[in-house]
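Start at 1 and go down the list; that is how both ligands and their atoms are numbered. Residue numbers run from 1 in the order of the sequence given. All values derive from a computational prediction rather than experimental measurement.
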Amino acid sequence: MSEIPEHLLKRSRSAKAGKSGGDAGASESAPAAASPSAPAPAGGSAPAAAASVPANLPNLDPEPVPAKPEPHFVVAAKARRRVPVWALPIVAALPVWAIAYPGTMQEPPREDPLITESTLLYTEEAGCAGCHGAGGGGGLGYAFTNESLLETFPDPIDQMVHVARGSAAIQGQEYGAERRDGARRVSGAKGSGQMPAQEKQLTQIKLEMVIFHERELAGEEQTSPEYIEWMDNMRERFEGGEATPIDLDFLLACANPEITPGATGEGSPDPETEPCPGPPPAEEDA
Ligand code: HEC
């Protein structure tokens, strides 16, 4: 028979000894921990005490107080529907709106057809903006945003003549009123080409409207009763679809000979039915 090696026997022996020793150790503590129903050791432990309160000990829990009926207004307040959380920013913004809204009422967007149409004519249809800038800042043509335009043409009628016949028609001649710097314009002096004649390009009403717009760009005061009368007149004629062609001789009769070369200053041949275009002369004080 084969012999079991000594070291294996030894391991087996010590394993047996260890097992019985371990069991002995565990038997001391296991029952108490493992089974709460086991008799409590002397002195008692927490689980045992909590398990049952002896009947003869007073119950220290406060007596439940019967709830008082809530006042009706509290009940009503609780039942009331609240502002949902998502709506809070809207509610918070209401005062701002309340202040801002009347402001928008006071300033309705300015939608005067005369303003919008004359702007369109200047920038698109007649193409003035291409050489004078959409805002009148100038380019190939003169700028309108400095004082020179209104100093050169104190009255719109002389500006109408200049635009209608163009600069080449009076090449090298002085035109316009004497400016504050003591000089007058000389046609062609800008040296960047000519002001193209508009006599055949525009109708009379459109000529007046682009000139009105240029003067607006130049910052003209357009508040006198006469000026407002001209504006009302243009608005009415434009909306009525007027298509009267430009009559250069008529414009020259209306223009000021001191400002416009070739002007006669005779005035309209029939002021009643066909007054000179532009703001009517201011009424003289009696
Ligand atoms: C092709 C470019 C061009 C276009 C388009 C043009 N202009 Fe001019 N304009 C000029 C030039 C260049 C001059 C200056 C010419 C000169 O040297 O006398 C001028 C001069 C003028 C002047 C004189 C200004 C001053 O201070 O003496 C007026 C007013 C004017 N243009 C109005 C208009 C109007 C209104 C339109 C649109 C209907 C228009 N222009 C379209 C090039 C243009």
So, E208 and R237, do they make that salt bridge, N to O below 4.0 Å?
yes
Any heavy atom of S187 closer to ligand 1 than 4.0 angstrom?
yes
Members besides I90 in its Ile/Leu/Val/Met/Phe/Trp/Tyr cluster (side-chain heavy atoms under 4.5 Å)
W86
Does M195 bring an N, O or S atom to under 2.8 Å of atom 8 (Fe) of ligand 1?
yes
Taking NZ, NE, NH1 and NH2 as the nitrogens, is one of them in K206 or E125 under 4.0 Å from a carboxylate oxygen of the other?
yes
Does Y175 come within less than 4.0 Å of ligand 1, judged by its heavy atoms?
yes
Measuring only between side-chain heavy atoms, which start at C-beta, is V161 closer than 4.5 Å to L252?
yes
Do Q198 and ligand 1 have an N or O pair less than 3.5 Å apart?
no
Any Lys/Arg nitrogen of E70 or K78 sitting under 4.0 Å from an Asp/Glu carboxylate oxygen of the other?
yes
Could you list the residues that satisfy side-chain hydrogen bond (donor to acceptor under 3.5 Å, both in side chains) with E151, not counting sequence neighbours?
R180
Hey, looking at atom 23 (C) of ligand 1, which of H162, E151, Q159 has the closest heavy atom?
H162
Would G188 count as a polar contact of ligand 1, with the cut-off being nitrogen or oxygen pairs under 3.5 Å?
yes
Heavy-atom proximity to atom 7 (N) of ligand 1, best of H132, E125, Q173
H132
Do any N/O/S atoms of C131 come under 2.8 Å of atom 8 (Fe) of ligand 1?
no
Does the pair E178/R184 count as a salt bridge with the N-to-O cut at 4.0 Å?
no
Please confirm whether K190 comes within less than 3.5 Å of ligand 1 when only nitrogen or oxygen atoms on both sides are compared.
yes
